[in-house]
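Remember, it's a predicted structure, so these values are computed and weren't measured experimentally. Residue numbers begin at 1 in each chain, while the letters A, B, ... track the order of the sequences.
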There are 2 protein chains.
Amino acid sequence: MKRSFKTFVFSMNLPNAAIRDRILAAAESAFARQGYDAASMRQLTRHAGVNLAAVSYHFGGKESLYAAMVTRRLRSLNETRLNSLEQAEQEAGGRPVPLPRLIELLVRPVFELSQDEAHGGSHIIRILGRSLAEPLPFMDAVLATEFQPTMALFSQAVRRSVPQLSPEDFLWRLSFIVGAMQHTFAVLHRMSELTSGICRNDDREGALRRFIEFAVSAFSAPATLPVAGAS
Amino acid sequence: MKRSFKTFVFSMNLPNAAIRDRILAAAESAFARQGYDAASMRQLTRHAGVNLAAVSYHFGGKESLYAAMVTRRLRSLNETRLNSLEQAEQEAGGRPVPLPRLIELLVRPVFELSQDEAHGGSHIIRILGRSLAEPLPFMDAVLATEFQPTMALFSQAVRRSVPQLSPEDFLWRLSFIVGAMQHTFAVLHRMSELTSGICRNDDREGALRRFIEFAVSAFSAPATLPVAGAS
DNA sequence: GTCTATATCATGATAGAC
DNA sequence: GTCTATCATGATATAGAC
C-alpha cells in the first residue's frame, strides 16, 4: 500500500509538532522573563509566529500549557538524575555513595540545562526556580508528582551517607540547600551585575564546584544539639 | 483662635492614617498570598473596607502602593539590623564580631517578623522572599537602595571574620545563603505539610538555630581550590 | 478628602468560517 | 487543523459629585 509524502508527513504529526514546539519555546522564554501572570498568550503566540487559538487547540489553555511545559523538562531532568543515581549505586556496591558525588548527580544536570541557551534550557531553569517561590495552585499536584520519586531516592541515599543527622535536622538542611539551589539559578544570569563583575554569569563550572562544596559542608556539619534545658 | 474638634482631628491626619494603614495591611496579605500580578486592587480594597479610589489617592497606584509597603517594612528591618551590628562592634572593641553572632544579628529580626502574625509580619516576609525570585522591574531601584547599606556593612563584618575567603568565594557563598534564607521564609508556613509533620511551622527558634549553624558552617568551610590544571 | 460611576484597555477563551 | 472575529470578564485609573 503506497502512501503519499503528505500522508507520511502527517502520520508523523510533524505540522503539529512544529507548532507545539514553537509554542513551548516561546512559552519558556515568556514565562521565564515575566512570570506566569504577567506573561500573556497574545504576546507569546505572536512571538512564536502562531495563532492565538493554537494554544487552546494544542494544550487546552494557559494553565495546561504551563503545566505541559514544566512537566516535559522536569521529567527529562529527573530521568537523567535517577539513571545516574542508579548507576552510581551499582558502582558503589552495597556501600553508601559519597556525599559529594550524590550532590553532583543531583545538581549537575540542572547546571547543564542552564548552560543550554540554544535550546531554551536557561529559561526553564528560571521557571523551575520560581515555582518554589511563587506557588501556582494548579501546579502543586504536577510538581509533587514529578519531584516525588527523585526526592525520595536521593533523600534516602543522602541519609545513608549522613546517618548521624536526625530526620528533622536533615529535612531543615535539605530545605536550606534547595533554597540555595533555587536562588542560584534564579540569579545566575545576573551574577556579574550583582557582584560588580566578581562572580561571572558564565562560570558554570566554578558555580557548580562551589555549590557542591557548600552543600557537602552544610550536610556534614555536626548535628545540632537540643536547646540547653529542654529535657 | 478656636478650632472645632473635626478640624483638630483632620490636622492630625488621623482619617488618612487609618485608611492608609488599612490599605497597607490588606495589601500585605493579598500580595503575600497571590503575588504582585495576581492580586487585584478591587479585592484588596474590598477586604480593607475602603474605596477602590483610595489607593490611587493615597499611594498613586498599584506599583507605588507595593513599593511603599515594601519600603516601610524593609527600612525598619534594616534599621534594627544596623543598630544591633553597631552595638556588637562596639562591644567587640577592635576585634571581629564572631561569625555566628553576625549571622544571628542579620536573620533574627527576620524570624521575629515572621512570628508576628498579629501585625502582618509573616506576610511581608513572604513578599520579601518573592522579591528575589520574581523580579519586578519597578522594584529594582527600591530594593537596591534599601538593601545596600545593610549588605555593605554586614559583608564587611563577615569578611573580617572569614578573611581567608577570596571575594569570589565569599560572594558565591553569600548568594547561596541568601537563597537559603529566602526559601526558608517562603516555605516556613508550609514546613509541617512539606515534611509530613517532622519539621514544624511554629518551631521558629529551632529553625533560627539551625539556620545560623548552617550559615556558619557554609562560610567557614575551607576555601575552594582552583580547578587542577588552570594555571 | 472621599467615594461613585465610568472610561479605557487587555486578557483568556471560543464559536464558526474555511 | 487552522484562523478570524468576537465575547465576557476583570484590570487600573480617573473625572466629577458630594
Side-chain angles (χ1 to χ4, degrees), chain A residues 3-24 26-27 29-31 33-70 134 136-139, chain B residues 3-27 29-31 33-69 134 136-139:
Chain A
R3 295 191 309 178
S4 73
F5 176 69
K6 190 174 171 191
T7 307
F8 170 65
V9 166
F10 269 98
S11 75
M12 296 176 61
N13 258 355
L14 256 192
N16 294 0
I19 287 188
R20 276 185 64 103
D21 286 349
R22 288 224 300 284
I23 292 175
L24 284 170
S29 164
F31 287 129
R33 280 181 293 108
Q34 311 182 286
Y36 178 78
D37 289 297
S40 86
M41 311 205 20
R42 304 183 112 88
Q43 262 187 330
L44 188 159
T45 49
R46 205 157 41 80
H47 189 260
V50 307
N51 190 274
L52 171 62
V55 174
S56 300
Y57 179 74
H58 287 288
F59 295 92
K62 190 183 187 181
E63 293 190 353
S64 310
L65 166 61
Y66 191 87
M69 170 193 80
V70 169
E134 59 173 38
L136 298 171
F138 67 91
M139 287 297 289
Chain B
R3 295 191 311 176
S4 73
F5 175 69
K6 189 174 171 191
T7 307
F8 170 66
V9 166
F10 271 97
S11 76
M12 295 175 62
N13 259 356
L14 256 192
N16 293 0
I19 287 190
R20 276 185 65 103
D21 285 349
R22 288 223 301 283
I23 293 175
L24 284 170
S29 164
F31 287 130
R33 280 181 293 109
Q34 312 182 285
Y36 179 78
D37 289 296
S40 86
M41 310 202 25
R42 303 181 109 86
Q43 263 186 330
L44 188 158
T45 49
R46 205 159 40 80
H47 190 262
V50 305
N51 190 273
L52 171 62
V55 174
S56 300
Y57 178 74
H58 287 289
F59 296 93
K62 191 183 186 182
E63 293 190 354
S64 310
L65 166 61
Y66 191 87
M69 171 193 79
E134 59 172 41
L136 297 171
F138 66 91
M139 288 295 291

Which distance, rounded to the nearest 0.5 Å, do you find between the [atom1] of [X] and the [atom2] of [Y]?
X: A:Q43; Y: A:L52; atom1: CD; atom2: CG; answer: 12.0 Å
X: B:Y36; Y: B:E63; atom1: OH; atom2: CD; answer: 4.0 Å
X: A:F138; Y: A:Y66; atom1: CZ; atom2: OH; answer: 6.5 Å

Using whole Å, what does the distance between atom [atom2] of nucleotide [N] and atom [atom1] of [X] come to?
X: A:R22; N: D:dG1; atom1: CZ; atom2: P; answer: 16 Å
X: A:R46; N: C:dA10; atom1: CZ; atom2: P; answer: 12 Å
X: A:L44; N: C:dA10; atom1: CG; atom2: P; answer: 18 Å

**Request:** Kindly write out the residues that satisfy side-chain contact (heavy atoms from CB on, under 4.5 Å) with A:A38, not counting sequence neighbours, or none if the list is empty.
**Result:** A:Q34, B:D37
**Message:** Going by side-chain contact (heavy atoms from CB on, under 4.5 Å), name the residues that satisfy it together with B:A54, two or more places apart in sequence or in a different chain.
**Reply:** B:I19, B:I23, B:V50, B:H58
**Prompt:** D:dG1 phosphate, OP1 or OP2: any side-chain N/O from A:H58 under 4.0 angstrom?
**Reply:** no
**Request:** Give a yes/no verdict on a cation-pi contact between A:K62 and A:F31, requiring under 6.0 Å between NZ or CZ and the six-membered ring centre and an angle within 45° of the axis.
**Result:** no
**Request:** Summarise how protein sits on nucleotides 11-17 of chain C as a single string, 5' to 3': B when a protein heavy atom is under 4.0 Å from the base, S for sugar-phosphate-only contact, - for no contact.
**Result:** BBBB---
